[in-house]
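Step one of this worksheet: look at the structure below.
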Amino acid sequence: MDIYFYNTLTKKKELFKPLDPKEIKIYSCGPTVYYYAHIGNLRAYLFMDNLRRVLRYNGYKLKHVMNITDVGHLVSDADDGEDKMVKAAKRENKNPYEIASFYLDAFLKDIDKLNIDKPEIIARATENIDIMEQYVKKIIENGYTYQTDDTIYFDTSKLDKYGVLSNRNIEEQKAGARVEFDNGKKNISDFALWIKAPENHLMKWDSFFGKAYPGWHLECSAMGYKYLGEKFDIHTGGMDHIPVHHENEIAQSKGFCGHIPANYWMHVDFLQVNGGKMSKSLNNLYTLEDLKQRGYEPLVYRMFNFTSNYKTPINFTFEAMDTAKISLNKLREAYLTHMNGNEEISDIQMQEYENKFLEAINDNLNMPVAMSVVWDIAKNPKKSKQLANLLLKFDEVLGFDLKNYEKKEEELPQEIIELINNRKIARLEKNWKESDRLRDIISQKGYEVKDTQNGMEVIKR
RNA sequence: GGCGCCUUAGCCAAGCGGUAAGGCACGAGUCUGCAAAACUCUGAUGAUCGGUCCGACUCCGAUAGGCGCCUCCA
């Protein structure tokens, strides 16, 4: 079935045509590992996961690269700022390499917890300095650069057009730019490719330009080229990458080989918190760990994300997280219930479910609509293994790990077990007063008591 | 100063030029000694104003509010 993606390059939803139907090539801008990922960051990787799973559900094989930025990026083009890695290193009294490996590890753990399907290739910038150097040399050879005492700049005025993604153009920006024009740059949109390292700079490499380090945007172009070639199918990233990072990647690629590196550019919009930006100063930056402490397992956050489309902003509220938490439990319960059912579902019905689901996910990853199909199945009054298996199939895209879900029989402390037994006796004797008293005690100790048709059920809260 | 986006019921939200998916909450009911759970039922005329059209939430314009980018940021 046809797949449609919204393409930032053309600003339209387009039919997806792979370069090579045997293998889809994707590049995703990954994290800069200088601190814990917050849930806004993680939305981007849930999107990436979603894209992977949808393509695979459609039968495609993937070659997907994600970079890990462990080279410090300067705070600005002018060489007067500290870079993020160095800043973090100072903060924690470690060297930048220790910072990188610590937070890379934390990041990988987070995406595992979210059940995110990892790209085939995870490439660290520091391990690819050589390819970046080659890349720059070629751009220089092709005549797209100029150099100052300490920096090699990309000359954006040499391009036929700069700003194809974001509709920016050099002239307009000059007019009302808020940013100071850096000394040495010819055009405001020019950017550093290769920078001579000051004496005290910690991360630097020997190169044709002396001890130096790469500019901000180079790593993605170079590693994309290394693993995927001059042209690949899809490039993903956050909204914020559109105006600078991805424009510059496009510029670099044009300077390197004359064309835009990817056919489809897909960007995730931001997660907002209570209608506004998430920021440290507002004290609303949450990590997975923060959510866990408030009682939301990581997959709840996954569920929450499926209420909206990736390319619109989503508003994070704890009310919505409660919704997601309950929903996830209901879906799991429904799955188990269907698993134990034996009713027949017609082929026509089954086919309709499959078609609707596929149509939704292939329509630019429309997860809200896909979920409506899932709920339709989950709430089907006929209880059927066929439906359970269908949910399992859809779970290849959803990623809730239903297959491994089973109702956990909580290991209850002896104290609680005794209370439960006493309550059972009280109930047999129809001593409701005692029964309620015991329920209150159990509840006070943090356990929830339910009297179902199959007897008493006690769950830790 | 420039570029762009958003505004749909209490909350998260989808789609669509022809009279608004889904989830959760709320409310009502069934069940139960009660409670919880489960199940059933139940809600919006689309920020405001104006225009185009036989017909607009869906297109155009204005107003209000919000968000993002132009500087590291998913």
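All chains are named by letter (A, B, ...) in the order of the sequence lines, taking the proteins before the strands, and each is independently numbered beginning at 1. As a basis for the values below, the full set of heavy atoms in this structure was taken, side chains included, without hydrogen atoms, waters or symmetry mates.
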Check every strand shown and say whether A:N366 touches a base, only sugar-phosphate, or nothing at a heavy-atom separation below 4.0 Å.
-> sugar-phosphate

Name the nucleic acid region contacted by A:W375, choosing base, sugar-phosphate or nothing; use a 4.0 angstrom heavy-atom cut-off, strictly under.
-> sugar-phosphate

Donor-acceptor pair present, A:D269 side chain and B:G68 base, under 3.5 Å | no

Which is true for A:K450 with a 4.0 Å heavy-atom rule: it touches a base, it touches only sugar-phosphate, or it touches nothing?
-> base

For A:K325, which contact category applies under a 4.0 Å heavy-atom criterion: base, sugar-phosphate, or nothing?
-> nothing

Indicate, with a heavy-atom threshold strictly under 4.0 Å, whether A:G237 touches base, sugar-phosphate, or nothing.
-> sugar-phosphate

What does A:L42 touch in the nucleic acid at a heavy-atom separation under 4.0 angstrom: a base, only the sugar-phosphate, or nothing?
-> nothing

Do A:R439 and B:A35 have a side chain to base donor-acceptor pair shorter than 3.5 Å?
-> yes

For A:N67 and A:G30, indicate whether the former's side chain and the latter's backbone hold a donor-acceptor pair under 3.5 Å.
-> yes

Which is true for A:H38 with a 4.0 Å heavy-atom rule: it touches a base, it touches only sugar-phosphate, or it touches nothing?
-> base

Mind checking A:K433 for me? I need base, sugar-phosphate or nothing, with any heavy atom below 4.0 Å counting as a touch.
-> nothing

Which part of the nucleic acid, if any, lies within reach of A:N309 when heavy atoms closer than 4.0 Å are counted: base, sugar-phosphate only, or nothing?
-> sugar-phosphate

Given atom NZ of A:K11 and atom P of B:C5, what is their separation to the nearest angstrom?
-> 9 Å

Does any donor-acceptor pair link the side chain of A:S435 with the base of B:G33 at a separation under 3.5 Å?
-> yes

